[in-house]
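All remarks here apply to the structure that follows.
All values derive from a computational prediction rather than experimental measurement. Numbers restart at 1 for each chain; the letters A, B, ... are given by sequence-line order, proteins then strands.
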Amino acid sequence: MADPFGTFEQQLHSALATVAPALGVHGALPITEVPPERTGHLAVPCFVLAKPLKVRPEEAALRLQAALETAASESRIELPGSLSTAGGFLNLTLEPARLAASVLEAVQDEGARYGHWPSSGTTVLLEHTSANPTGPFHVGRARNPILGDTLARVLRAAGDIVEVHYWVNDVGKQVVILSWGVEHMARLTPSAAEREKPDHQLVTYYQQANAAMETDPTVAAAVDARLRALESGDRSAREAVASGVREMLVGMQQTLRDLDVTIDVWDYESSLISDGSTKAVVEGLSSSPHAGVEEGAHFLDLAALGLGGKERFYFTRGDGTSLYTTRDVAYHRAKARKADRLINILGEDHKQQAAELAAALKVLDVPTLPESVFYSFVALPEGRMSTRSGRVVFIDDLIEESVKRAEAEVRARRPELSPEEWAKISRHVGIGALRYNLVRVKAAKNITFSWEEALSFDGDSAPFLQYSHARCAAILRKAAGAPAASSVQQFSTLTDQREQALLWTIGRFPSLVRQCATTLEVHHLPSYLNLVATECNRFYEHCPVLGAPQQAARLSLVAATKQTLGNGLRLLGIEPLEQM
RNA sequence: GGACGCGUGGCCUAACGGUAGGGCUCCGGUCUCCUAAGCCGGUGGUUGGGGGUUCGAAUCCCCCCGCGUCCGCCA
């Protein structure tokens, strides 16, 4: 496992630890990267040193520098570069050849594994998306599958053993309405849907059934009757509902495939009723000292459990039947038995519910509580998306439009390519652009949808990264197997500021991956890769490779850059392209 | 009304408590040379407002304002 950044950081850490006692410093000094200006690679703030030493921060930095340099000259520590001070900071600038060798050897050794950590042994059950099977995915909640799928990839890279689950809501009123609509409306009118996909076909029946229910009491009665039949275990009701859900999921799964989102396991809510686990939850919660009953309905006293806001968490109706929340508790209790860690990707509308769920799980002494990643909705300028009001943008439409625009670009730029190549490139560019745009912003941030932004192909975008990757590929193709650098002496020719900047950035990839996994924040990844691509383009512009005296070393750098961009893009679920 | 989250140049956005970086737009350069979806330069900021903690606050605490979400024996 190679981690150039971590290795250099460790060296500096241990050097500081060796020298600290002589300076009268107790705890370890913090180390921070220095992004702006070219003051160095690693910085040590010396402000905390100033007080005990009774000197100004600048002076403290100078003393620390002197102590380190003395120790280095006496071979008590090893410094991988040179020291300088600026303000109250002590800066370490890595020795260029050392940086180049460390980074390039790491990438050469690990290839497609660069940035991936050894197994942690931790099993993670990651649940995401879990949208109700009542209609096509719309953009409002589109961050869910993208965040979830990206996080799954990142956690795996960080060494976790991840299983991705989707919880299908196949009980309750909504799916009953769907099944009723499919049976009764489909016969009457042809679907108004523009797409052949089953989810688009079926949602029209669902909408018609909803409308019919409002105007026709007999429809509402029929739906209620079926709901009761379903809950009492009636076989034909169950089959009718299951068939509607099945067909709807066929269409929804196609969209996930289009986005390159992978679900490992499909869990069905109905199974939690049939296997008795929901009933067990009711019994378990009822016996809690915090449980109460009112008119037959059971609840937990949330205030007594230390939760503000809502007073009661109901887990049965007055007639004793279970609620969605009850099944949610049963589901998480079951999941907790299957993994060391549970992670859920949830819309911000689930925040309160997640807290109540956790409280209920604690009452049941479930040892593993779910960790939640909340995201804000993608709204339209005129407000929140809603399928019923027709104020929606479907993900399928967004994909189609994005790929279409990408194809227009590719055809214009690369008229010599074949139609097959056009199709392949535009598909990966179009879908990549969408995925990128949905993960580049911190999950908690509100997003207002705009076609212009969603379909941006330049600047901070997937095509920008893919383009840099393709440029690297072009150079390597033309080099046609010319030897790459392998000796430190060759690496030492990479002294240009763009080369050094690129090397340093590439060397931070493994630690960046781990940071994303630790914080469960994937937006750092696009931000980082954008920096790699930017520095790659600067290098490309100012440092000719083919035919240059330092060709071998530069080829190594190009290969390492391509590898890092490619590995990073794959973590984002975006296809790295050899040409575009 | 209460709870949780968000508020960074015209627009979008990043930043373990450590010198506010990017992108889009706009203006000016740049393809006989490895792909110009690029590169180089420029305009534009008292990080919603006010207090506090700290050597140091976009970041932590308090108050206010604006936006989002939730507050069902629905899912």
Side-chain angles (χ1 to χ4, degrees), chain A residues 30-37 39 43 45-48 50-51 56-57 86-89 132 134 169 171-175 269 294-299 307-312 314-321 323-325 327-328 347-353 355 374 376-377 379 384 406 409-410 412-414 429 433 437 440-448 450 452-453 456-468 470-479 515 519 523-524 526-528 530-531 533-534 536-538 540-548 554 558 579-580:
Chain A
I31 298 180
T32 44
E33 281 175 50
V34 182
E37 294 180 22
T39 49
C46 299
F47 305 94
V48 286
K51 197 172 278 180
R56 295 183 312 155
F89 292 93
N132 285 349
T134 50
N169 174 350
V171 297
K173 200 163 190 170
Q174 301 312 310
V175 285
E269 197 173 332
E294 188 177 81
E295 292 177 22
H298 292 251
F299 62 85
L307 243 72
K310 214 163 74 171
E311 287 177 12
R312 289 174 173 180
Y314 280 95
F315 55 92
T316 75
R317 295 192 179 90
D319 62 6
T321 56
L323 295 159
Y324 167 81
T325 44
R327 279 145 3 225
D328 205 12
E348 58 178 333
D349 53 337
H350 283 71
K351 276 184 203 167
Q352 179 63 24
Q353 185 194 119
F374 296 105
S376 295
F377 299 128
R384 187 168 162 178
E409 288 285 324
V410 185
R413 291 166 196 275
R414 304 295 304 280
V429 165
N437 267 300
R440 59 178 252 276
V441 178
K442 198 160 48 171
K445 212 104 163 180
N446 297 346
I447 292 187
T448 304
S450 84
E452 187 197 359
E453 243 175 78
S456 164
F457 291 167
D458 38 39
D460 189 8
S461 74
F464 179 79
L465 308 188
Q466 290 167 315
Y467 184 66
S468 294
R471 279 178 144 184
C472 291
I475 293 175
L476 296 174
R477 250 193 326 268
K478 298 211 170 170
Q515 183 202 350
T519 59
H523 71 276
H524 301 295
S527 169
Y528 164 82
N530 186 56
L531 179 61
T534 299
C536 170
N537 288 335
R538 285 187 189 139
Y540 182 95
E541 193 70 27
H542 301 282
C543 306
V545 177
L546 302 178
R554 285 184 171 169
V558 170
Q579 59 168 348
M580 61 187 284

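Side-chain contact annotation: A/Asn537 with A/Arg471, donor-acceptor N/O pair under 3.5 Å present.
Side-chain atoms of A/Phe89 lie closest to B/rG18 of the nucleotides B/rG18, B/rC24, B/rU35. When distances run from any side-chain atom of A/Asn537 to the nucleotides B/rC34, B/rA15, B/rG38, the shortest one goes to B/rG38. The A/Phe47 side chain lies nearest to B/rC55 when the options are B/rU13, B/rC55, B/rU35. You'll find that the side chain of A/Ala297 is closest to B/rC73, out of B/rC34, B/rA14, B/rC73. Between B/rC39, B/rU35, B/rC73, one nucleotide has an atom nearer to the side chain of A/Thr534 than all others, and that is B/rC39. Comparing atom distances between the A/Arg440 side chain and each of B/rC6, B/rC39, B/rU13 picks out B/rU13 as nearest. Distances from the side chain of A/Lys445 to the nucleotides B/rC39, B/rC34, B/rA14 place B/rA14 closest. Listed nucleotides: B/rA14, B/rU35, B/rG22. Nearest to the side chain of A/Asn530: B/rG22. Here the side chain of A/Leu546 is nearest to one of B/rC34, B/rA75, B/rC39, namely B/rC34.
The partner of B/rG9, taking Watson-Crick or G-U wobble pairs whose two distances both stay under 3.5 Å, does not exist in any strand shown. Under the Watson-Crick and G-U wobble criteria, each requiring two contacts below 3.5 Å, nucleotide B/rA75 is left unpaired.
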Protein-proximity profile, nucleotides 66-71 of chain B, B/S/- by nucleotide at the 4.0 Å heavy-atom cutoff, equals --BSSS

Determine, for nucleotides 40-47 of chain B in 5'-to-3' order, which nucleotides have protein heavy atoms under 4.0 Å from the base (write B), from only the sugar-phosphate (write S), or from neither (write -).
S-------

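The glycosidic torsion of B/rC31 lies within 90° of 0, which places this base in the syn conformation.
A residue-by-residue look at A/Tyr467 and A/Val441 shows that A/Val441 has its nearest nucleotide of RNA chain B further toward the 5' end.
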